[in-house]
Every structure is written in C-alpha cells, then in structure tokens.
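Here's the structure we're looking at; comments come further down.
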Amino acid sequence: MIEKKVLPEEENVNKREESKKTDQEASRQVKVERLSREGIDLFPHNVKTTHSASDIVESFSPLSKEELEEKKVIVIVPGRIMSIRRMGRATFFHIADSRSRLQVYLREDKIGKKNYQLFSLVDIGDIVSVKGALFRTKTEELSVLAESFTFLAKCFHPLPEKWHGLQDVELRYRKRYLDLIMNPEEKEVFRFRSAMITDIKKFFDQKGYIEVETPMMHAIPGGALARPFKTYHNALGMDLYLRIAPELYLKELIVGGFEKVYEINRSFRNEGISSEHNPEFTMLEFYQAYSDYFDMMDLTEELINDLSLTLLGKEEITYGEHKISLKRPWKRIKFKDVLVEYSGLAPSRFQDRAGVMELASTLTSDKKSLSYGKALDVIFDKYVKQNLIQPTFVMNPPREVSPLAKASKESPDEAERFELVMAGMEIANAFSELTDPEEQKKRFTEQAEARKKGDEDAHWIDMDYVHALEYGLPPTGGEGIGIDRLVMILANRKSIREVILFPLLRPKE
RNA sequence: GGCCCGUUAGCUCAACUGGUAGAGCAGCGGACUCUUAAUCCGCAGGCUGAAGGUUCGAGUCCUUCACGGGUCACCA
C-alpha cells in the first residue's frame, strides 16, 4: 500500500520534469540516445590533445596559406562548439577555449560518410576535440581541416543567442557559467581580477612582506564597525562570528615580531546589498611596523599606480563618464576641510555643533547613537563622498568613529587615519594604529557605551587584543583595501556584482 | 526597508488609447562541398513571473506576492 502510494508520486515528479523539457531539449535527448546506440561515449574519461585553440591562434596566425600548406601541421584541439554552418556535404563550425575561437572545416569526403552522419547529431554547445591539418580558407581564416572528431561532453540545453549573448542580468549572475560561455568580455574581467591579485602579492612580497592567513571565524568580531554573521560550533558549544575584518589578528602578528604582514581574503558583513556592497567581499589588509599613516599613503599610491601601469599600461583611466588620473602624488585633504570644500554646503553651517547635529539627524534614521563625530561622518557620506572622483586621501576623520586609530597629536578629536576615495567610492582605510593598551581599553569602553545606546555597529570589547597590546605593539601603519571595488575601478565596471563571480542572490522559488 | 522600473518562445526583443501574442537567432524537415550573424523553402515552439480582481473581452487596467535592476536609507 505504502509503495503504491509513493510510486505514483515519483512518477509525477518525473513526468513534471519531462514535461518541463523544451522541444529543443527533447531533440538533444533523442540525439544522445542515437549516439549511445552507436556505442559512442559522450563523456570520456580523458582526451589526448596537442594544442589549445588559443595556442593555435597564437602560434600559427603569422603563417601564410602557403607556409601552412607546406608545414602540414596536424593538431588535436578541444573546444566548445559555438556555431555550426552546415552546407550539405561540408560543414564549418567554430570551437572556443577560454580565450580564442578556431574554425573547423568538415568534409564528408575527408572524414567519411558514416562520421559525417554522426556529426549531424552534434549540437552547438557540445564539447569536442578535432584532429586535422591547419590551413587557411579562401577568406584567409586559420582553420582545421578535420580528419576526425571526438565527443568530450554533450550539452543538453540550447545556448543563448549567438549574436546578443546572454543579456538578462539576473540569469548572468545565477548561471555565471552561461555568462562566461557566451560573453567573452566578462571572462576578461575575471582574468584581470586574477592578474591584479597576483601583482599585489608580487608587490608586497618584493617589499619584504609575508602573506598570512588569520581566522575567518571569530569568537569576538572585531577590526571594523559593522554587523557580523553569526554561526555556531557544535563541539565547543559556542557562538562564532564570521570575521568582519582580519585587523586585530594581523596586529597581533606585528606584536609577535613579523614586521610586515598582509592578507588577501574574504570578510563578511551582515548588511545591505548594493552595487558597492556584497555580504562577502575581498579585502587586502597590510600592516607595517615602524611606520605611520603617511607611509601608508605613499605605499597606497605606489601600489595602485603600479597596478594600473602594469596591467593597463597607463596612469589615466576611464571610469564610466569620468577620467581618473592615477598620476602621483594624489590629493591629500583633511576631513574637516573636505567637508567645506566638497559638500556644497556653506562653511558657516559647520561652525556650530548644534547645527551640524541637526543637519545630520535629518540625514539618518539612526538618531539614537548620533554623536558629533558620527554626525560629521554622516554628512561626509551624504554630501562629499560622491564628489570625490579623483583619488583623494581624506585625512583625520573624527576620533570617535576611529576606535582603533591613534588620535592626532595636534587635534585630539581627530584620528591619524585616512580614507582613500576614488570614483565616489571608498577604496581604502588606514591608520597609525593605536598601540597604547590603556587608551585602547578606553576606546573599547566608549564603543561599548555607544552600543548600549543602540549603535549596533560599535566595536566590541576584545580584552585578548588589549592583552596583546600590553606586550608592546611598535608604531605601526595599517590599511585595508577593498579589492572588489579596486577591480571595479580598474576594469571600469559599475556594479560589484560584475567583478564577483558568484554574487549573493536570493534563491529563486 | 521606502520609492521607481522590469519579468512575453531556449535566447534577444516587438505587440498603439484593453480587441485573434509576433520577429530574429536557436530547433525540426528539405536543398546546398570555402561558410562565417551562411543562404533558400517549409514546420513546430507561449497558461505573457504567480495568485486574485475589474471587464463582453486583459500581455496591456487594479490588488497582493516572488525575483531582479535602479535609487534612497542602512553600511566604512
């Protein structure tokens, strides 16, 4: 009885799946069955190849028709079929690898009637390897004259349109593989990203830094002002938080005697999603003993300028409608001056504290925890940031919003800290690290009070970290750079989702 | 979370003030041995994101919901 009840349901499930199949998928299924009947392995374990399509394009493009004919280069080349042009007893098709497309010319008289018939069961999207000699067509296109072909994988679904590619943004993010198959320029973005990270590592390695890995799961989330993701460790029976920043651990390594450390890895913040925010994002953080935030400014200029020269071969880049010059030196301006200069607000408006507080309170819903320092920060975000297109070091923000930075000697309300803003986006954040344990404890206590008042982003008290400081942290400059945003700027992409392979989306259905 | 916009064939897009849902590519069948967005002839493909409502009649108007994009808020 039970089995009978279960079975029809299963059948229904299968039927539903089958009825979901489109006519095109059904037709591919029929081909699969016919090929299997012919004893053809559609998913072989391996394949021997001699070249990739890119290899061939790179190595043989300079050769003329005659040179190719004379050399008789036989290749075995794999690739995904991107287009097919059948013309009776001859067929042209293109195969693609990660960089290049290569044309294949297939003739019935060359590969035999039987094989030519089998090829009629090949679809766009299938992965094959082709063996044959290189030649040039009448129109001079470098091509393979096929002697044989082998299935490497069957594609069960039709590919998106060959001319327009995949346009639907949602589909592009949900099925990134389709985006990558269809839109080669998207592949370039991720190739660029990879090259950039390689160069960053080279840059720091050459300067004597060591790359380290610190925990991603923290008992106390620290190093930034942000809301964390919470998780739970069963065996230890404890709550853990995904890190919001690696900062505190990296400074503990400086205490431990590594003078220069960096880490490139994910941090996680449980906050809104936007074209500039993904809940998990990649941050570069680096710390250098015996330096301060001025040294960090120099280093930052050098790094980003280097990256642009190495990867793009220029110092002037285009970002959307803006031209951005990365020529050194970059603008350095104090936080309080930038407010006056770029906010568009009358300087007099910053003269009385009450007026500033009032203005800020109209800009934010979070009024409970609004202090003077926070109020200035709110005004900066709302009125100033978007106007800073050229790279700008905004120096000495309020001390109150910088609980891990040294206070400025001359103006104790300010922090020895800067934010690097570019294209209206915050790219980096650095300070002369606060090294005095007593002062750090005081700052943490201030933060705890702010938290009590409802500031959910206030820093947690981390006595382990204070304890580490008690052993002596030398004067240290430290910085975090948002890698995703830096890729956005250098690769000219307007959304962070365009530079993260799998951005977070709500599951559909 | 607020507001605005979008969701139509596998893909890219049409469909006027409510009146029979269409094209290109892809697919299927046929012709074609140098094509390249191949060409030519023919065919098939849709519960218009989901659920309600208004109407003689809804892809189109209204409500709710889902997902996405933009923007504001939040957020370094």
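Residue numbers begin at 1 in each chain, while the letters A, B, ... track the order of the sequences. Small disclaimer: the values here were computed from a predicted structure and weren't measured.
When each of A/S495 and A/T137 is assigned the nucleotide of RNA chain B bearing its nearest heavy atom, the one mapping closer to the 5' terminus is A/T137.
Across all strands shown, A/D381 has no heavy atoms under 4.0 Å from either base or sugar-phosphate atoms. Within the nucleic acid shown, A/R101 has no heavy atom closer than 4.0 Å to any nucleic acid atom. Contact annotation for A/Y105: base contact, defined as any heavy-atom pair under 4.0 Å involving a base atom. At the heavy-atom level, A/H157 lies nowhere under 4.0 Å from the strands shown. Residue A/A226 is in sugar-phosphate contact alone, with no base atom involved, counting any heavy-atom pair closer than 4.0 Å across all strands shown. Among the protein residues, A/E141 comes within range of the nucleic acid bases, having at least one heavy atom under 4.0 Å from a base atom. Heavy atoms of A/K382 sit under 4.0 angstrom from primed sugar atoms or phosphate atoms, though from no base atom. Residue A/G165 is in sugar-phosphate contact alone, with no base atom involved, counting any heavy-atom pair closer than 4.0 Å across all strands shown. As judged by a 4.0 angstrom heavy-atom cut-off over every strand, A/L505 is placed among residues touching the sugar-phosphate backbone only. In this structure, A/F135 reaches the bases: a heavy-atom distance under 4.0 Å links it to at least one base atom across the strands shown. Looking at heavy-atom distances under 4.0 Å, A/E419 makes contact with a base. Residue-level contact check: A/Q24 touches the bases, meaning some heavy atom is under 4.0 Å from a base atom.
Side-chain atoms of A/L166 lie closest to B/U12 of the nucleotides B/G69, B/C28, B/U12. Taking every side-chain heavy atom of A/W163 into account, B/A37 is the closest of B/C74, B/A37, B/C67. Here B/C67 is the nucleotide among B/C67, B/G10, B/G27 with the atom lying nearest to any side-chain atom of A/R174. Each of B/C11, B/C13, B/A38 was ranked by its minimum atom distance to the side chain of A/M87; first place goes to B/A38. Nearest to the side-chain atoms of A/Y173 among the listed nucleotides B/U33, B/C11, B/G69 stands B/G69.
Counting to the nearest Å, the C1' atom of B/A73 and the CZ atom of A/R227 are 12 Å from each other. Taking atom NZ of residue A/K385 and atom P of nucleotide B/A73, one finds them 11 Å apart after rounding to whole Å. The CD1 atom of A/I181 sits 17 Å away from the P atom of B/A26 (whole-angstrom rounding). Remark: C1' of B/G6 and CG of A/L171 are 14 Å apart, rounded to the nearest angstrom. Remark: P of B/A38 and NZ of A/K138 are 18 Å apart, rounded to the nearest angstrom. Atom CG in A/N183 sits roughly 11 Å away from atom C1' in B/C11 (whole-Å rounding). At whole-Å resolution of the value, NZ in A/K374 and P in B/A73 are 15 Å apart. One can place CG of A/D457 at 5 Å from P of B/C75, the figure rounded to the nearest angstrom.
Taking atom P in both B/A14 and B/C3, one finds a spacing of 27 Å when rounded to whole Å.
Side-chain atoms of A/R89 and base atoms of B/U33 include no donor and acceptor less than 3.5 Å apart. Side-chain to base pairing of A/E161 with B/A26: no donor and acceptor N or O lie closer than 3.5 Å to each other. For A/H164 and B/C11, a side-chain-to-base donor-acceptor distance below 3.5 Å is absent, hydrogens and geometry of angles not being considered. Put simply, the side chain of A/Q103 and the base of B/U35 share a donor and an acceptor less than 3.5 Å apart.
The side chain of A/R269 places no N or O atom within less than 4.0 Å of a non-bridging phosphate oxygen (OP1 or OP2) of B/C75. Between A/R85 and B/A38 there is a side-chain N or O to OP1 or OP2 distance below 4.0 Å. The shortest distance between the side-chain N/O atoms of A/R497 and the OP1/OP2 oxygens of B/G69 is below 4.0 Å. In this model, the phosphate group of B/G69 is not approached by any side-chain N or O of A/K494 to a distance below 4.0 Å at OP1 or OP2. Within the 4.0 Å cut-off from OP1 or OP2 of B/A37, not a single side-chain nitrogen or oxygen of A/K162 is found.
Ring planes of A/W330 and A/F393: parallel class, angle under 30° (limits at 30 and 60°). A/Y105 and A/F92 have parallel rings, their planes meeting at less than 30° on a 0 to 90° scale where 60° marks the start of perpendicular.
Both the sub-6.0 Å distance and the 45° axial angle are satisfied by A/K494 relative to the ring of A/Y319.
With a 3.5 Å ceiling on both atom-pair distances, the Watson-Crick or G-U wobble partner of B/G1 is B/C72.
To the nearest 0.5 Å, atom CD of residue A/E301 and atom CE of residue A/M296 are 13.0 Å apart.
Between A/L121 and A/I40, every side-chain heavy-atom pair lies at or beyond the 4.5 Å cut-off.
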